[in-house]
Amino acid sequence: MTEQKFIPRKYTNTIESGKVTWESPSNIALVKYWGKKKDQIPENPSISFTLNNCKTITSLSFSKKENTSDFEFEVFLDGEKKDDFKPKIETFFKRVEVYLPFLKYYKFKIDTKNTFPHSSGIASSASGMSALALCLMSIEKQLSESNVASGAVEASLNNEYFNQKASFLARLGSGSACRSIEGDLIVWGKNKTVEGSSDLFGIKYPYKVHDNFKNYQDTILLVDKGEKQVSSTVGHNLMFNHPYAQNRFNQAHDNLDALKPILESGNLDAFIQLIESEALTLHAMMMTSMPYFILMKPNTLEIINKIWTFRAETGLHISFTLDAGANVHVLYPKNEASKILEFIKNELVAYCQNGHYICDQIGLGANQLTM
Ligand code: DP6
């Protein structure tokens, strides 16, 4: 399947070499993406908070080459050569080549680093793939610059296309990466609730969001920093022939629909119920697949129970969500942050590996850097 809209016209500029840099954030899903079809098409819609502090910073250096039959690139993480990252990037390049025909005409050096520890169990694929997609878009922009008509209207349309194609490309690297280009709430996956939603790229949530959700906090408790037991690709495949798959996909549509009035009215109790149920459903899908997995650790459950008790005792709006791992994202509104953070430090950090946790909050998306 090729999307004509993202195949560029012939490039008008020739550039010998250059370097572009982007920083791109991670994101945390409220309604989860779990299950995909061919070509990275999600089985159900998802919606996420873009994060602010957990980011990947990627510089892409490029120079023209003679032999145009293969991709040529090297990858460095924190200055160290990482050949084990290459297969995933090679697959990504193959998938996006038709949309970025310059790929085989340059050799690339990908220099990347994360603001969070690599071995934190936090997936860097969303921030990493979105940062790389944005770097590639910046090169495409330079190659086509003279095509760009001047004037405010064209410029803004152009920016929209840039972000949309960046999200489209990022999706082909890692599904959730398409939700990391912009902020602060992003929807991916076609559905009836959100107008303009698409399976091909993420869009900004276009409806009213109550002030309760502005600067929403996410404290990430690092329960288990080890390698993931189940890679997300293997995980998504578990939804094939899963006995509850179709109900789960329908439920994600229903939950997104239910979230709209919650986001508008600022009903935090309803919000908490919905996102915690989503997190536990994600893990329930893993526990009931064949083969089956338990990705939560005893400390994950300790934390969840502590959160529930504290919430019942104080009436504060502390809640949790989970990724496909043991770490816990503790979500809460900004105006309750001081009491909740005190509770986290006093009661929850003890369950983290080496006492490690990361304070983050909802953010506005990726930025290009000049360096
Ligand atoms: C549980 O985006 O990592 O975090 O498309 O195979 O790269 P691939 O999967 P990935 O899956 C993320 C799944 C999740 C839920 C979510 O972020 O929506």
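Excluded from the calculations below are hydrogen atoms, water molecules and symmetry mates; all remaining heavy atoms, backbone and side chain alike, are included. Whatever order the structure lists them in is the order used to number ligands and atoms, beginning at 1.
Taking OG1 from Thr309 and CZ from Phe343, the interatomic distance works out to 8.0 Å, rounded to the nearest 0.5 Å.
Under the salt bridge (charged side-chain N to carboxylate O under 4.0 Å, His left out) criterion, Lys260 pairs with no residue at all, not counting sequence neighbours. Lys192 is linked by a salt bridge (charged side-chain N to carboxylate O under 4.0 Å, His left out) to Asp257, counting only residues two or more places apart in sequence or in another chain.
Closer than 4.0 angstrom to ligand 1 by heavy atom are Ala29, Lys32, Tyr33, Trp34, Lys36, Gln40, Ser125, Ser174, Gly175, Ser176, Arg179, Ser232, Thr233, His236, Leu282, Asp323, Ala324, sorted by chain and number.
Grouping Ile, Leu, Val, Met, Phe, Trp and Tyr by side-chain contacts under 4.5 Å, direct or through others, puts Tyr292 with Met290.
Counting non-hydrogen atoms of other residues, nucleotides and ligands closer than 6.0 Å to CD of Glu90 gives a total above 12.
Using the six-membered ring where Trp is involved, Trp34 and His236 have ring planes that are tilted, between 30° and 60° apart.
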